[in-house]
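Keep in mind that the numbers below use all heavy atoms, side chains included, and drop hydrogens, waters and symmetry copies.
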Amino acid sequence: QVQLVESGGGLVQAGGSLRLACAASGRTFSSLRMGWFRQVSGKEREFVAVIARSGGSTYYADSVKGRFTISRDNAKNTVYLQMNSLKAEDTAVYYCAVHTGWGLSLIPREYAYWGQGTQVTVSS
């Protein structure tokens with residue numbers, strides 16, 4: 001079992017920045033591939049970013065590439081999502097998740113553990 005707790009969400013104006021954090025416990029953090037997803041009410045959960053166990057490889061959705069940065073601190077058991085140049089369409093509940101399979105997955109059903117989510121609202 002892995003427990004995930006997200007933080008850092010809030011209300012920000014368009015063009016602003018937020019940094020989300022996700023603290024993990026219950027398993028050796030450096031063995032976990034970590035992803036960020038987001039979901040708008042009534043829509044499917046959407047891939048945002050994923051990071052390899054060492055942090056050496058990352059992958060982003062086209063919609064956030066160049067604006068968002070995923071990183072991790074294995075000593076702190078925490079993964080981050082730095083979000084810059086935020087747009088109204090980035091408004092969503094953001095979730096971190098653990099992928100227990102191989103490679104860097106973009107598919108929500110391949111993630112075994114999920115946090116409770118943190119709301120990000122971008123006002124235009």
Side-chain angles (χ1 to χ4, degrees):
Q1 286 284 344
V2 179
Q3 293 76 44
L4 302 171
V5 178
E6 299 101 335
S7 60
L11 174 64
V12 64
Q13 289 188 333
S17 298
L18 282 175
R19 188 175 81 154
L20 306 183
C22 172
S25 61
R27 194 179 287 189
T28 302
F29 183 70
S30 59
S31 70
L32 305 177
R33 298 176 181 87
M34 302 295 299
W36 284 98
F37 292 78
R38 64 188 182 187
Q39 189 169 23
V40 176
S41 180
K43 295 188 176 182
E44 292 187 355
R45 196 160 293 189
E46 176 188 24
F47 167 78
V48 175
V50 62
I51 188 166
R53 291 172 293 183
S54 67
S57 296
T58 58
Y59 190 79
Y60 298 90
D62 287 343
S63 58
V64 307
K65 200 172 295 182
R67 300 188 298 122
F68 290 12
T69 302
I70 188 171
S71 63
R72 65 191 296 159
D73 185 337
N74 285 347
K76 295 183 178 180
N77 293 348
T78 302
V79 62
Y80 303 96
L81 186 68
Q82 177 67 44
M83 305 185 295
N84 298 328
S85 302
L86 283 161
K87 305 175 182 179
E89 51 264 42
D90 294 319
T91 295
V93 177
Y94 283 71
Y95 299 90
C96 67
V98 173
H99 179 239
T100 54
W102 292 100
L104 300 180
S105 175
L106 283 61
I107 303 173
R109 67 173 181 270
E110 295 185 358
Y111 285 73
Y113 304 99
W114 293 83
Q116 83 288 352
T118 185
Q119 176 71 48
V120 171
T121 303
V122 184
S123 62
S124 57

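Here Q13 contributes atom CD and T121 contributes atom OG1; the two are 13.0 Å apart, rounded to the nearest 0.5 Å. Between atom CE of residue M83 and atom CZ of residue R19 there is a gap of 11.5 Å, rounded to the nearest 0.5 Å. In this structure, NE2 on H99 lies 11.5 Å from CG on L32, to the nearest 0.5 angstrom. Here the OG-CG distance, from S123 to L86, works out to 10.0 Å after rounding to the nearest 0.5 Å. From C96, atom SG reaches atom CD1 of I51 across 12.5 Å, with rounding to the nearest 0.5 Å. Atom CG of D73 is separated from atom OG of S30 by 11.5 Å, given to the nearest 0.5 angstrom.
In this structure, L81 is not a member of the same hydrophobic cluster as L106, with clusters built from ILVMFWY side-chain heavy atoms closer than 4.5 Å. With hydrophobic clusters built from ILVMFWY side chains whose heavy atoms lie under 4.5 angstrom apart, V122 shares a cluster with V64. Under the 4.5 Å side-chain heavy-atom criterion for ILVMFWY residues, no single connected hydrophobic cluster contains both F47 and Y94. Hydrophobic clustering (side-chain heavy atoms under 4.5 Å, transitive across Ile, Leu, Val, Met, Phe, Trp, Tyr) keeps F37 apart from M34. A continuous path of hydrophobic side-chain contacts links V79 to Y113 [ILVMFWY only; heavy atoms under 4.5 Å].
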Start with the C-alpha distance between R27 and T100, add both sets of side-chain angles, then the distance that settles side-chain contact (heavy atoms from CB on, under 4.5 Å), and finish with yes or no. CA-CA 11 Å; R27 194 179 287 189; T100 54; 4.0 Å; yes

Please assess R67 against D90 for the test side-chain contact (heavy atoms from CB on, under 4.5 Å), listing each intermediate value before the final yes or no. CA-CA 11 Å; R67 300 188 298 122; D90 294 319; 2.7 Å; yes

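Here the two rings, on W36 and F68, have centers that are 6.0 Å apart or farther.
The shortest distance between side-chain heavy atoms of L20 and V120 falls below 4.5 Å. Looking only at side-chain heavy atoms (C-beta outward), Q116 and E6 come within less than 4.5 Å of each other. Looking at Y111 and Y95, their side chains never come closer than 4.5 Å, going by heavy atoms from C-beta outward. Contact annotation: the side chain of V98 approaches that of L4 to within less than 4.5 Å [non-hydrogen atoms, C-beta and beyond]. With a 4.5 Å cut-off on side-chain heavy atoms, Q119 and T91 count as touching.
In terms of heavy-atom proximity, A24 sits nearest to V2 at CB-CG1, 4.5 Å. Annotation for V93 and G117: closest pair CG1-CA, 3.8 Å, computed over non-hydrogen atoms. The shortest heavy-atom contact between A92 and V40 is CB-CG2, 3.9 Å. Nearest heavy atoms, A14 versus S124: CB-CA, 4.2 Å. In terms of heavy atoms, A21 sits closest to T78 at CB-CG2, 4.1 Å. Taking every heavy atom of both residues into account, R45 and W114 meet most closely at NH1-CE3, 3.2 Å.
E46 places no side-chain N or O within 3.5 Å of a backbone atom of R38 that could act as its donor or acceptor partner. No donor-acceptor pair under 3.5 Å is formed between the side chain of R33 and the backbone N or O of W102.
Applying the side chain to side chain donor-acceptor pair (under 3.5 Å) test to every pair with at least one member in residues 50-62, sequence neighbours left out, gives these pairs: D62-K65.
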